[in-house]
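Just so we're clear, the structure is a prediction, and the values are computed from it rather than from any experiment. Sequence positions, counted from 1, serve as the residue numbers for this chain.
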Amino acid sequence: MASPHIGFDNQQAYSSLMRGLQELDLRGNSTPGSLYLIGDHAFPLAMNAQGKVLMAASLFGRGRMVVLGHESYLTSFPALVENALTWLRGDGSENPLVGIHQSCKPVADNLSHSVFQAQVVGGFLQDLGVGVYVVDAYSMAPDVKALLEFVKAGGGLLIAGQAWHWAGQHPKENTLMAFPGNQVTSVAGIYFSEHRSEAGCLSIFPPIPCGWNPDPINFADDLAFLLEGVSGFRLKKECSEIQVHGLLAFPIFPFLVGAYYGRGRVLCVTHEALFWQQELVPLWHNALRWLDQGRKGVVGVLPSLTDLPSLYGPSGLSCRNTDFTDDLSVFVSTVYCDEKAQEMQDFVMEGGGLLIGGHAWFWCSCNPELNPLTDFAGNRILSKMGLNVLGSRVPKEFYAAPDPVKASVDQYHFQHMVSRFSRHLLSGETLTAKEEGFMPRLRQDCATYLLMEANESASYTQVMSDLTAIVEKAGIPQVSLNCPVSNEKDRLLLTIGTELYQCLDPDTLLPYLIKDIPSMPVVEHQLKIDANTAGEREWISTGVYVTPVMKTYISLPAQIVNKGWMVQIGCQTDNLDHLKELRRAPCVHKTFSITKPMMQVWNLWGGLLYLVAPPDTQVEGLKVTVERAVLSPYFKSGVTTPAEWALMRQSPAPWAELEFENIIFTVPSDAIRHLERPEEVAALWDKIMRGVADLAAVNHKFPRKERFVADVQISAGWMHAGYPIMMCSSVAPQMVNPEASGRTDLWAFIHELGHNQQRDCWEFRPNTSECTNNLWSVYVNEEVLGTKRAEAHPQLEPKTRLSRIEEYVKGGRNLGSWNTWVALETYLQLQEAFGWAAFKKVFAAYHDMSNVPRENKGKMNLYTKTFSVAVEHNLCAFFKAWGWPIEGATEEKLSRLPAWTNHPMARYQ
């Protein structure tokens, strides 16, 4: 069911409500209470100097609410009340009848000369015929259900009061749930808090007030209830991380959170298998009672979650398998289907309980091009409730139950920290040591939160407004190789600026973000694209660069619209967020899904422009036009002529690409400005890549060309494998040096190419992760470049190799020490005895294998059998001499082959 308020403009509503008001003088004897706001439509009307919301408005169903933080405001501000009554009766309605509870009779006196007709009543009745009802926050107990139905159907409610005095008289009550006013206003995402606030004289400005600084909320009682009888347990499942961004959401464990939403409650656990974990059954019993709120109603359990009703029976509640219906008290579900997302949200908002479980990491791995915050089913249910299930994972370890009191006092609130950081920068407020410690988490949460793209949500736009004010005040550090960033405040500013730029009109923030924007000549660029992808997505170079200031349109063929294609700006795809010091922003590339034939694209950091083809795609000769871009040096073997290259290598873009038969290099343009004969570089790397293919026993024509991309800083080491292979810019020149043939400084490049050839079926991770890839380094150096292994790398000098073997034997042949160079000795001994042809036969045999064991022991026995068959010798004794766990069944199966008795390890027996 779609929301009846799609397209609602809260700024327009605010303007109507505050029309003609210049200030609100709240000074006097009335001490207001602050309000909590959550949800899509709740927005502040008045906020004091400390950032506490004192008046707010919102929507519920087809109706509207205005909430004032003290009942005296109903008579102190007659102009505001008249504005509120006009807005509350709805667009186009001219119903003049206003019902006024007898406790608010002075309001009726103030309306005697207005267009409204006041009717003072002792309580709310559906047949009053009023368009708006006015009541204080203490006088509605008998009328809650009728009032909710009235507003949901399109009525307006003006309600005023404060809860701090009530909370003092009811110290054991839950103010959020039990305070009379909250039983009505909470469904609109507005709550009277237990905190009193300073008043003052508030100036009224055209924009909705921002800089909200909500009071912390104490969830100690909730935690104590939920954790009763739970001391802790060991997590054995791959649970997703979960972001707690809602003001009324609170963490319990890193994979379990709770939240209030309207009159109801929700608990989310990030793997549904934990519903059955025996150590957690007491927790689930507590959870169902917490969600039920004492109603002793029926718990419905999704039919696919079999056996849970019997497991949860001892909770004292009636549990049964059933599809979702709104007459349940609690519903237990998973995050994998959002078919009834709106109904479930309404169910909780109006008082129901939701226990929901599931992870997002598998979905994210299968849908890397989608946004989990907007596209994952579970988040379409949970985001509005203040929770987001993420693709990252929680460590599998023991988790002790937190102390409820300490956890509540020490807990982190995303919206509270956004406000505190904003006020720290804008007003000079000092952050506490604890708040300083929250900076890394706030940085991560800001990036994640903005991915929600919930521009229709007042809560989201409030956070966006705060973050925008931060950037406009402080800008972002101009990070570079010579101006690194390491402190948490600068890192946070860098993240906020980058992520906001992706969400807002780029022109709005650009002056605050990049101070030195290069001026380069632009051209219209046309190209034809071909793609013939196998099982992996592939980048298609366009030969043009987009500057940081540039927004450009791309005209795209209809054949690739809404077919999984993307536009990408930027080739440096490493995320550096985990590094302590940054020499560039953590993420400097941006992708756009191709959803229409004409698209505008941009990237804060600029970058080379690519089309990204999805797997299993075949197209040829499709025309693409880039409206404005900067030409980059781009050479393609067999296409670019020497004369064209002489001009092309002087193209102004800072990044260049060389595309050869099976490999593409993306390097700083300075590295190729003086490269006169790129065909010589091509000849060298074509030979190297054919050598890589030869050893892997695959076709010389790679299904997807390898890519090397240079960067000022990468996520690990100074080079690492992947697509693309990342390398530090400082090593790029030697890669495109045509005289490098036969030199040992190509070892590392081939090492990374070897990583991309490793296959899990014959890998024994972690032992061989940095070992078997070096087979390609040795092979290419010897067979392609003519460099002997002893000269190719210092670790392969004979004396070094011999001492390494002897030390391993003396250490007891422990497989824990069999890794990297030690493990490589095993393979080199095999090669030196049986030649490279044996490895090619082994790799070829694995191409056709299925049902390969997953654990190392099984894989090692399979490898022993496969290699023995390839060389027609029983190699069991050799591998056992290296400490491999060779099984009797393997020895029996290979007993028919002649034993390799004079193997190199025999001398150590």
Side-chain angles (χ1 to χ4, degrees), residues 49-51 210-216 241 243-245 247 251 390 392 409-452 460-504 506 508-516 548 572 574-588 604-605 712-715:
Q50 292 72 43
C210 62
W212 184 29
N213 182 28
D215 292 294
E241 283 192 307
Q243 182 191 41
V244 183
H245 64 82
L247 182 65
L390 308 180
S392 49
V409 170
D410 295 338
Q411 72 183 356
Y412 154 97
H413 276 293
F414 169 67
Q415 292 192 41
H416 177 72
M417 272 304 301
V418 168
S419 177
R420 289 289 294 123
F421 187 62
S422 174
R423 298 171 76 81
H424 167 66
L425 288 178
L426 303 182
S427 306
E429 292 186 6
T430 302
L431 297 177
T432 66
K434 185 185 300 180
E435 288 170 335
E436 292 276 4
F438 287 150
M439 288 290 193
R441 187 169 178 183
L442 179 61
R443 171 164 47 88
Q444 176 184 338
D445 274 356
C446 283
T448 304
Y449 184 81
L450 291 175
L451 289 175
M452 288 170 57
Y460 182 84
T461 54
Q462 168 78 20
V463 172
M464 290 274 283
S465 177
D466 285 343
L467 296 180
T468 302
I470 287 171
V471 172
E472 290 177 346
K473 169 70 175 180
I476 66 172
Q478 302 300 292
V479 61
S480 68
L481 178 63
N482 298 319
C483 186
V485 164
S486 57
N487 72 71
E488 285 299 336
K489 186 183 298 183
D490 282 346
R491 289 171 67 94
L492 177 55
L493 287 170
L494 196 56
T495 295
I496 293 173
T498 303
E499 299 301 330
L500 268 181
Y501 183 83
Q502 315 292 10
C503 300
L504 300 177
T508 304
L509 285 180
L510 191 59
Y512 305 99
L513 302 179
I514 298 182
K515 305 302 182 184
D516 184 16
Q572 288 86 5
D574 259 4
N575 191 318
L576 311 184
D577 198 52
H578 62 287
L579 300 179
K580 291 183 178 180
E581 182 179 88
L582 299 175
R583 294 190 284 278
R584 68 153 168 87
C587 184
V588 293
L604 171 61
W605 309 105
V712 67
Q713 185 179 21
I714 64 176
S715 60

Practice task
Identify the two heavy atoms, one from S715 and one from N575, that lie closest to each other, and give their separation to 0.1 Å.
Solution key: CB-O, 3.8 Å
Fill in the blank from the handout: Closest heavy-atom pair, Y412 versus L442, reported as atoms and distance to 0.1 Å, is OH-CA, 3.5 Å
Exercise for the section: Give the minimum heavy-atom separation between L467 and C446, together with the two atoms involved. Expected result: CD2-SG, 4.1 Å
Handout entry: ring pair (Phe, Tyr, Trp, His ring centres under 6.0 Å) against Y512, all qualifying residues, sequence neighbours excluded
Key = none
Fill in the blank from the handout: For T495 and A447 the tightest heavy-atom approach is CG2-CB, 3.9 Å
Fill in the blank from the handout: Value for OG (S427) from CD (Q50), rounded to nearest 0.5 Å, stands at 10.5 Å
Problem - Sub-4.5 Å side-chain heavy-atom contact between K580 and S486 - result: no
Problem - side chain to side chain contact (heavy atoms under 4.5 Å, CB included) against P484, all qualifying residues, sequence neighbours excluded - result: E581, R583
Handout entry: Any pair counted as ring pair (Phe, Tyr, Trp, His ring centres under 6.0 Å), so long as it reaches residues 462-481, sequence neighbours left out
Key = none
Completion exercise
Separation between CE (M464) and CG (L450), nearest 0.5 Å, reads 6.0 Å
Practice task
Can you measure from CD1 (I470) to CG (L492) and round to the nearest 0.5 angstrom?
Solution key: 7.0 Å
Practice task
Could I get the full list of side chain to side chain contact (heavy atoms under 4.5 Å, CB included) partners for L510, not counting sequence neighbours?
Solution key: Y501, I517, V549, L604
Handout entry: For R443, salt bridge (Lys or Arg N to Asp or Glu O under 4.0 Å) partners two or more places apart
Key = E488, D577
Exercise for the section: Search all heavy atoms of I476 against all heavy atoms of L513 and return the closest pair with its distance. Expected result: CG1-O, 3.3 Å
Exercise for the section: Identify, with sequence neighbours excluded, every residue that meets side-chain hydrogen bond (donor to acceptor under 3.5 Å, both in side chains) alongside H424. Expected result: K489
Handout entry: Side chains of L425 and L493 in contact at under 4.5 Å (non-hydrogen atoms)
Key = yes
Please list every donor-acceptor pair under 3.5 Å in which a side-chain atom of residues 432-440 meets a protein atom from a residue at least two apart or in another chain.
residue, atom, partner, partner atom, Å
T432, OG1, E435, N, 3.1
T432, OG1, E435, OE1, 3.4
K434, NZ, D410, OD1, 3.1
E435, OE1, R420, NH2, 3.1
E435, OE1, T432, N, 3.0
E435, OE2, R420, NE, 2.9

Problem - side-chain hydrogen bond (donor to acceptor under 3.5 Å, both in side chains) partners of N487, counting only residues at least two apart - result: D490
Fill in the blank from the handout: d(N213 CG, R423 CZ) to nearest 0.5 Å is 5.0 Å
Exercise for the section: With the side chain counted from C-beta on, respond yes when Q572 and R584 share a heavy-atom pair under 4.5 Å apart, and no when they do not. Expected result: yes
Practice task
For D445, check salt bridge (Lys or Arg N to Asp or Glu O under 4.0 Å) against everything at least two apart and list the hits.
Solution key: none
Completion exercise
One should read off an interatomic distance between S419 OG and E429 CD, to the nearest 0.5 angstrom, of 8.0 Å
Fill in the blank from the handout: Taken in chain and number order and not counting sequence neighbours, the residues that satisfy ring pair (Phe, Tyr, Trp, His ring centres under 6.0 Å) with Y449 are H245, F414, Y460
Problem - Pair listing, side chain to side chain donor-acceptor pair (under 3.5 Å) test, anchored in residues 465-484, at least two apart - result: none
Handout entry: L494 backbone acceptor or donor facing T498 side chain under 3.5 Å
Key = yes
Completion exercise
Distance col, row Q243:CD vs S392:OG, nearest 0.5 angstrom, shows 10.0 Å
Completion exercise
For W605 and A585 the tightest heavy-atom approach is CZ2-CB, 3.4 Å
Handout entry: Partners passing side chain to side chain contact (heavy atoms under 4.5 Å, CB included) against L451 (at least two apart in sequence or in another chain)
Key = N371, L373
